[in-house]
Number of protein chains: 2
Amino acid sequence: MSNSNPGPRRRRGSDQPTLKQVADAAGVSPITVSRALNTPERVNEATRARVIEAVDKLGYVPNLVAGSLASASSRFIAVIVPSLANAVFIEVIRGLQETFEARGYQILLGNTDYDLDREYQLVRTFLGWSCSALVTAGLRHSDACHGLLGHWDKPVMEVMELGEALDLNVGLDHQEAGRCMARHLLGRGYRSIVYVGACLDRDYRAGMRFAGHCQVLDAAGLDAPLIELDRLGSLEAGAAGLDQVLGDFPEARAIHFANDDLATGALLHAQRLGLRVPGDIAIAGFNGLPLGQHVTPRLTTIQSPREAMGRLAAEQVLRRLDHQPVTQQQQDVGFTLMVGQST
Amino acid sequence: MSNSNPGPRRRRGSDQPTLKQVADAAGVSPITVSRALNTPERVNEATRARVIEAVDKLGYVPNLVAGSLASASSRFIAVIVPSLANAVFIEVIRGLQETFEARGYQILLGNTDYDLDREYQLVRTFLGWSCSALVTAGLRHSDACHGLLGHWDKPVMEVMELGEALDLNVGLDHQEAGRCMARHLLGRGYRSIVYVGACLDRDYRAGMRFAGHCQVLDAAGLDAPLIELDRLGSLEAGAAGLDQVLGDFPEARAIHFANDDLATGALLHAQRLGLRVPGDIAIAGFNGLPLGQHVTPRLTTIQSPREAMGRLAAEQVLRRLDHQPVTQQQQDVGFTLMVGQST
DNA sequence: CGCTAACATGTTAGCGCTACCATCTTTCTA
DNA sequence: TAGAAAGATGGTAGCGCTAACATGTTAGCG
C-alpha cells in the first residue's frame, strides 16, 4: 500500500502572517524582528528599516496573546467598578483610561453590579489574563477575593475611599465629607435635617457619609432621620425622595441627599411643586456633577475630583510598574464644599 | 572539573499552579482537567469532582492567555467608541457589556478621541488579541482600517448610524432624525430657526442631522443658519451657544441643538437670563437624556434607544458567533420624537 | 459472543512569541 | 596590538494551554 504520507499533524492557527514569516521576508531571525518592534533601540537602524518594510508588505499584526504568554505579562490593567450607570465611576474610568492608554496599557473593564461575588469572579478572570495591575473601586471585598489578591505579586490599587488597603490606595474620606455637609447645614441654621440615600447597603460609601452626618447632628443634640430609597440614584428617585420627606417629615427644613442625581431630581421636582428652595426646603447633594451647577438655584454640594482621582491612581500604579519608588501608598484627593443657592 | 550539570534551561513564568499540577494532584492527565473545566459534560462526574477538588486545593486560576493562544481565539469583544465623555456612548457600551458579559465575553474598550488613525491603531491592537468580534461606533474609518477589517474573518458590528457597512450594522437614520425635528419646528409655526452644533466634523452624526434639517427648511424656502461651537457638547457650551444665537441672529425664534446637553444648557441659561421658553425662544435637542426631561419646561427632543441599541448589536454578534443565521445584516432601531414644553 | 457505537481518557504536537544564553563583530583602551 | 567592552544578531527552549488523533472501556444489539 503506497499510501501517501499523512505528514505532520497540522493545526490551523489564525492565517495571519507570523513573526517567522516577517523574519524570512526581511532576511533576519525571528528574535530580531521581535526586537525591532519592541525594543527598536537594540537593533541596527538599517536592519530595523528592513524589518518595518517586511511588516508593512505582509500586513503583519503582532499576536499579543503569544507575546503575553511568552513574557508572562500582558499590558492589561484590570479595572473593576460596581456600575456603569453612575457618572461618578465613568469619570474615574476616564481618568484611568487616559493615563494608562497613553502609556500603552489596555484597560480591561469589569462591572460587579455591586456584588462582591461577581467581583471575585472578575478578579479570577483578570488574573488569568496576566494583567499588569488591578484597579478596583472600594475597599470591601469577599474573603475569597482578598485571598486571591493578597498572594498576587502585581500592583493592586483601591480607589474611591480611604482606609486599610491591600496595597495602593487613592480616594477621599467619605465620613468627613458627610460631616462637612452636615456642619454646613447647621451653620446655615437648619435644625430639622433629613438624610435621603438610596440602597445604602450597596452604595456603602453613601452610608459612610451618612455616618459622618449623624456624628455631627448627634453632637449638636439633633435627630438625624434617614429615608432610604430602594433604587439607585436618578432624577426620578430624587423626586420621589422629596415627596417622601414631605409626607413623613413635614417639619423638615433641609434635605441632605446622598448624591447630586437625587438632589437635583428633588430640586427640579420642588420647582414643579411650587416650593421655594431654600425658602421652603433646603437641598444639598454630593459629587459636584455639572448638572447640579446649572440648575437655578445652584445646588450646594461637595465636589469630588473624580477624573483626577483616576489619573492619580493610574500614575501611582505606573510608577510602581516602572519600579520607581511610590512616595505614599495612600493618597487623599480631598473634596471641596461648593456652596450654591439651594441651602 | 566536576562541575555540576547546568541542567535544562529554566524560565520562570508566573509561579501560579498550572494545569499540569492540578492534573497530577487529581491523578489524571492535563487534558482531562482542561475538559473538566471547559466542557464538563465530556468528563465523568466522579473525575470532574476530583479535578474540582484539586483546583480548589491548589487555588488554580486558569491561564487564559495560554488557552487563547492554543485555541487561537479569546473571549474578548473589542468595543471602540470615540469618547467616554459622552453619555450616549456610555449607554451603548452598557447595553453591549451587559449582554456580552452574561455570555462570558469580556469587553475590550477603546477610545478613539474622534481620531480615525487612533481607531486604526486600536483595531490593530485588538486584532492582536484574537478578539472574537469587534464593535465600533460609526461607519467612517480610515483606509488602513478598512483594509484590516475587510480581511478579518470575525464578526464586525458597526453601531450608531445606518448605511453601507462592513458586515453587521445596527443604528438609526440621523438625517431622518434631523428632518423629523425640523418638521416639528415648522409645524409649530417657527420660521426663523437656527441650528447649533459642536465640532460637526468630528461629531459627524450631528452633521448628518443638520443635513436633514437643511433639507426640510430648504423645501420650505427658509434659510438654515448654522452656529458651530468649538467644543463638544456640555451644558456650558449650550449656554454659550444661546448667547451666540442671541447676538448673531436676534430674529431667531427657535434653536435646534445638536444634542440635549447643549439644549439643556441653553434652556437653563435662558432661565437665568429671564427669557421665556418657548415664548421668547424655542429650544429643541437630540438624544432624550433624562436631564432634559426634568427641567421645566420639559425639553422637546428625539429619543434614541441607546442601551437597547447596544443590546441588539450584542445579540446580533452573539448569534453570528453561535453560527446561527443572522436575519438582517442591518437593523434600524429608530427614534421617537418627544414633544416637551420647550417648543 | 462478536461487532459496533458511544463514552472516557490519554498522547503528541504545536499555538506564536520572548527569555536566556551564546556568538560574532566592532570599537575603545592601555 | 592584545584584551576588554559594547553592540548586534542568532539558536534553543520553553510559556501553559488545547486541537487532533489514538486508545481503552463500557453498553447495546442481533
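Note on naming: letters A, B, ... go to the chains in the order of the sequence lines (proteins, then strands), and numbering restarts at 1 for each one.
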> Whole Å only: how far is the CG atom of A:Asn38 from the P atom of C:dG16?
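Interatomic distance, CG of A:Asn38 to P of C:dG16: 17 Å.
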
> Start with the C-alpha gap between B:Lys154 and B:Asp167, add the side-chain angles, then the distance that decides, and say whether salt bridge (charged side-chain N to carboxylate O under 4.0 Å, His left out) holds.
CA-CA 10 Å; B:Lys154 308 272 178 64; B:Asp167 182 8; over 6 Å; no

> Could you state the CG-P distance from B:Leu37 to D:dG16, rounded to the nearest angstrom?
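Computing the B:Leu37:CG to D:dG16:P distance gives 16 Å.
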
> Any salt bridge between A:Glu307 and A:Arg311, counting N to O under 4.0 Å?
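Yes, A:Glu307 and A:Arg311 are salt-bridged.
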
> Rounded to whole angstrom units, what separation is found between the CH2 atom of A:Trp129 and the P atom of D:dC17?
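These atoms are roughly 12 Å apart.
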
> Does A:Arg118 pair with B:Glu101 as a salt bridge, N-O distance under 4.0 Å?
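So A:Arg118 pairs with B:Glu101 through a salt bridge.
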
> Would you mind reading off the distance between A:Arg75 atom CZ and C:dC17 atom C1', rounded to a whole angstrom?
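Value for this atom pair: 16 Å.
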
> Do we see a donor-acceptor contact under 3.5 Å between the side chains of A:Tyr60 and A:Gln16?
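No donor-acceptor contact under 3.5 Å links the two side chains.
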
> Using purine N1 to pyrimidine N3 plus N6-O4 or O6-N4 for Watson-Crick, or N1-O2 and O6-N3 for G-U wobble, both under 3.5 Å, which nucleotide pairs with D:dG16?
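In the structure as shown, D:dG16 has C:dC15 as its Watson-Crick or wobble partner.
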
> Rounded to whole angstroms, how far apart are NZ on B:Lys20 and C1' on C:dT11?
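Taking atom C1' of C:dT11 as the reference, NZ of B:Lys20 is at 13 Å.
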
> In Å and rounded to the nearest 0.5 Å, what is the CG to OG1 distance from A:Asp24 to A:Thr18?
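OG1 of A:Thr18 is found 8.0 Å from CG of A:Asp24.
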
> So does A:Arg202 pair up with A:Asp113, basic N to acidic O under 4.0 Å?
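A:Asp113 and A:Arg202: not salt-bridged.
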
> Tell which nucleotide pairs with D:dA5, taking only Watson-Crick or G-U wobble pairs whose two distances are both under 3.5 angstrom.
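Looking at the geometry, D:dA5 pairs with C:dT26.
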
> How long is the span from the CG atom in B:Asn38 to the CD atom in B:Glu41, to the nearest 0.5 Å?
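Result: 10.0 Å between the selected atoms.
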
> Taking only side-chain N and O atoms of B:Asn63, does any of them lie within less than 4.0 angstrom of OP1 or OP2 on D:dC15?
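So the side-chain polar atoms of B:Asn63 never come under 4.0 Å of the phosphate oxygens OP1 or OP2 of D:dC15.
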
> Whole Å only: how far is the CG atom of B:Leu69 from the C1' atom of C:dC15?
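Checked: the CG to C1' distance equals 4 Å.
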
> State which of C:dA19, C:dG14, C:dC17 makes the closest approach to the side chain of A:Ser71.
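So the nucleotide nearest the side chain must be C:dA19.
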
> Atom CG of A:Leu19 and atom P of C:dG14: how far apart are they, to the nearest Å?
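Checked: the CG to P distance equals 18 Å.
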
> Distances under 3.5 Å only, N/O to N/O: pair up the protein atoms with those of nucleotides 8-10 of chain D.
residue : atom : partner : partner atom : Å
D:dT9   : OP1  : A:Thr47 : OG1          : 2.5
D:dT9   : OP2  : A:Asn44 : N            : 3.0
D:dG10  : OP2  : A:Ser29 : N            : 2.9
D:dG10  : OP2  : A:Ser29 : OG           : 3.1
D:dG10  : OP2  : A:Thr32 : OG1          : 2.5
D:dG10  : N7   : A:Arg35 : NH2          : 2.8

> Rounded to whole Å, how long is the line connecting atom CG of A:Leu64 with atom P of C:dT18?
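Distance, rounded to whole Å: 9 Å.
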
